[in-house]
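Heads up, the thing below is written out as structure tokens.
In what follows, every heavy atom counts, from backbone to side chain, and hydrogens, waters and symmetry copies are set aside. Atoms within a ligand are numbered from 1 in the order they appear, just like the ligands themselves. Being a predicted model, the structure only gives us computed values, none of them experimental.
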Amino acid sequence: MNEEKRGTFSNSLGFIIAAAGSAVGLGNIWRFPYLAQKNGGSLFLIVYVIFALTFGFTLLITEIAVGRKTKQGPLTAYQFISPKFKFLGLISFIVPALILPYYNVIGGWIIKYAFEFVIGRGASVAGDGYFQSFISGYMQPIIFCLIFSVSTFGIIYAGVKNGIEKLSKILMPLLVLLILILCCHIFFIRHTDETGIARTGLQGIAKYLKPDFTDMTFSRFCRMCIDAIGQLFFSLSVAMGIMISYGSYMKDDADLNKSTVTIEIFDTLIAFMAAFMIIPIVYVYSSTDGVQSGPGLMFIYLPKCFASNIAAYIIGTIFFVMVLFAAQTSAISICEAIICSEIDAFGWSRKKSTLVTFGVSLIASVCICFGYNILYFEMPLPNGSKAQLLDLFDYVSNSILMPLLACLICVMVGWFAKPKSIIEEIQRNGESFGRKGLYIATVKYVAPLLLLIIFLQGIGLF
Ligand code: PHE
């Protein structure tokens, strides 16, 4: 299929901003701060960076290279790398198809909270039980999800250059500006609680950045490494088909190595900044000491902090707008992974693919919204948690299919197609690739092993 019909990014910058927009998402905001605090502050940051430069880099550059080399969507790309691994296409299609419906539901929740804060009703969402009653309502979660989905699919419909790239070029700089404001304000906050204890933002920063070696046994260190790998893997948007589709829209003369490093640095910096602002906010305004993760942090704990005073309220408003930008660009990317597969595998037009996917994903999203009322259930998962419908979608995609897919991609490249096939693509225009040796060792041995551990942990065997 020709470039005109598939679409391309206009240049490396367009690709980098769109891919960074995909990488920066809810994972950076609602999971990274929790993991950083749980695992000894800056100690975790160091471990995270080391894995990002080795393991994360390998997974990310492999997927982008597979996309650019084959110029195919995830569903059909693998067969051109190694025919035996054609089946990976199906997994790469199922993963985003499972994630998109629930990401749109969460996107709807974010719009709702951003809206309430912007119109001055943020204090009410901080009330006890508000979140639970909101998500178990019949109409509102569906309406807000619909608004978020229409905006996602509208951009997809507009195309790669005119939709995804243009929007990312607007939203990403704004996101950086907002997160910088949020981080800077931490230096100035101070709050005295009911018991008369005053806490400052600077103390909160110290709490985040002070390395914590208490009880740093070997097993705790291993757990910290597993947390870092699991987080990285989700945060870089690999094993979701996204980077293959974005890579397939990349121009042949772009430097793959440099682009990958830039995306990684950007994603990691935003994660660090998210923790830099969230850990102190929770420390200063909340009597609970530890940062939570997931929806609980974003929709229950943080709104309570933001309701503390008027300055915190303004910060809360900026925060939810920032999160909305982060979630929107990620949702667009996961949607594009599906659309790109359909266009290449079934020969559909972008218009047809967008409309069909919109319809199907909306039905699935509505079912997920009903998962908190008429379809409510509680299912114990092998990893010990209890799941509702949304958690089940999340568990199957994130804990089972994604580690499995990433592991098999490494096996395919490391042992069947051989690393040379990817390295050739990375050096296509004669670029230097200094980390060649590291890449080969990681893709053949280190990454499959680490991913196997993450997979076994996901299914409760480790
Ligand atoms: N990197 C994204 C995040 O941190 C992962 C993601 C991308 C999830 C797209 C869903 C959709 O949230």
Side-chain angles (χ1 to χ4, degrees), residues 16-36 48 52 56 59-60 63-64 74 92-110 148-149 151-153 155-156 164 167-168 171-172 175 179 227-246 260 263-275 278 293-295 297-298 322-340 357 361 364-365 368 390-391 393-399 401-403 405-406:
I16 291 171
I17 293 197
S22 169
V24 172
L26 294 176
N28 301 57
I29 296 159
W30 78 18
R31 193 140 176 269
F32 186 87
Y34 159 77
L35 292 178
Y48 187 85
L59 295 187
L60 188 58
E63 287 204 11
I64 299 173
S92 274
F93 185 68
I94 295 173
V95 169
L98 286 176
I99 296 179
L100 181 67
Y102 78 77
Y103 213 79
N104 278 342
V105 171
I106 298 173
W109 298 349
I110 299 169
F148 188 82
S149 305
S151 134
T152 305
F153 280 93
I155 298 298
I156 294 291
I164 303 174
L167 186 85
S168 306
L171 291 192
M172 293 318 284
L175 184 144
I179 204 163
D227 277 348
I229 299 161
Q231 170 65 11
L232 243 176
F233 166 62
F234 182 76
S235 192
L236 289 175
S237 297
V238 287
M240 300 178 177
I242 296 174
M243 291 301 167
I244 294 190
S245 48
Y246 276 16
T260 307
I263 299 164
E264 250 190 339
I265 293 177
F266 190 84
D267 182 56
T268 306
L269 276 179
I270 299 286
F272 283 13
M273 283 157 84
I278 288 174
S293 79
L297 169 73
M298 194 138 89
M322 185 275 291
V323 175
L324 184 58
F325 292 169
Q328 184 68 87
T329 45
S330 293
I332 287 169
S333 70
I334 199 98
C335 187
E336 183 59 32
I338 304 174
I339 302 285
C340 177
T357 313
S361 82
S365 293
I368 290 170
L390 187 150
D391 308 314
F393 272 61
D394 182 49
Y395 174 73
V396 174
S397 51
N398 276 300
S399 303
L401 295 179
M402 283 168 52
L405 176 62

Nearest 0.5 Å, please: how far is [atom2] in [Y] from [atom1] in [X]?
{"X": "I338", "Y": "I156", "atom1": "CD1", "atom2": "CD1", "value": "9.0 Å"}
{"X": "S235", "Y": "L26", "atom1": "OG", "atom2": "CG", "value": "10.5 Å"}
{"X": "N28", "Y": "F234", "atom1": "CG", "atom2": "CZ", "value": "9.0 Å"}
{"X": "L297", "Y": "R31", "atom1": "CG", "atom2": "CZ", "value": "12.5 Å"}
{"X": "N104", "Y": "T152", "atom1": "CG", "atom2": "OG1", "value": "5.0 Å"}
{"X": "I29", "Y": "I110", "atom1": "CD1", "atom2": "CD1", "value": "7.5 Å"}

- Give the contacting part of D267 toward ligand 1: side chain, backbone, both or neither, where contact means a heavy-atom distance below 4.0 Å.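 None of D267 does.
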
Considering non-hydrogen atoms only, spot the tightest contact between [X] and [Y] and give its length.
{"X": "L100", "Y": "C335", "value": "CD1-CB, 4.0 Å"}
{"X": "A406", "Y": "A239", "value": "CB-CB, 4.0 Å"}
{"X": "L236", "Y": "L60", "value": "O-CD1, 3.8 Å"}
{"X": "A23", "Y": "D267", "value": "O-OD1, 3.1 Å"}

If you count the atoms of ligand 1 from 1 in the order shown, which ones are under 4.0 Å from a heavy atom of [X]?
{"X": "I242", "result": "7 (C), 9 (C)"}
{"X": "S22", "result": "1 (N), 2 (C), 7 (C)"}
{"X": "N28", "result": "4 (O)"}

If you measure every N/O of [X] against every N/O of ligand 1, is any gap under 3.5 Å?
{"X": "L26", "value": "yes"}
{"X": "A23", "value": "yes"}
{"X": "S333", "value": "no"}
{"X": "I99", "value": "no"}
{"X": "S235", "value": "yes"}
{"X": "L236", "value": "no"}

- Task: Would you please classify the geometry between the Y102 ring and the F393 ring as parallel, tilted or perpendicular, with 30° and 60° separating the classes?
- Result: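 The arrangement is perpendicular - the two ring planes meet at more than 60°.
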
Residue, atom name and distance, where the atom is the protein heavy atom closest to [atom]:
{"atom": "atom 6 (C) of ligand 1", "value": "M240 CE, 3.8 Å"}
{"atom": "atom 10 (C) of ligand 1", "value": "Y103 CE1, 3.2 Å"}
{"atom": "atom 5 (C) of ligand 1", "value": "F234 O, 3.4 Å"}
{"atom": "atom 4 (O) of ligand 1", "value": "G27 N, 3.2 Å"}
{"atom": "atom 7 (C) of ligand 1", "value": "S237 OG, 3.6 Å"}
{"atom": "atom 9 (C) of ligand 1", "value": "S330 O, 3.2 Å"}

- Message: Tell me whether V24 reaches ligand 1 (any heavy atom closer than 4.0 angstrom to a ligand atom).
- Response: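 In this structure, V24 fails to qualify as a contact of ligand 1 - no heavy atom is under 4.0 Å.
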
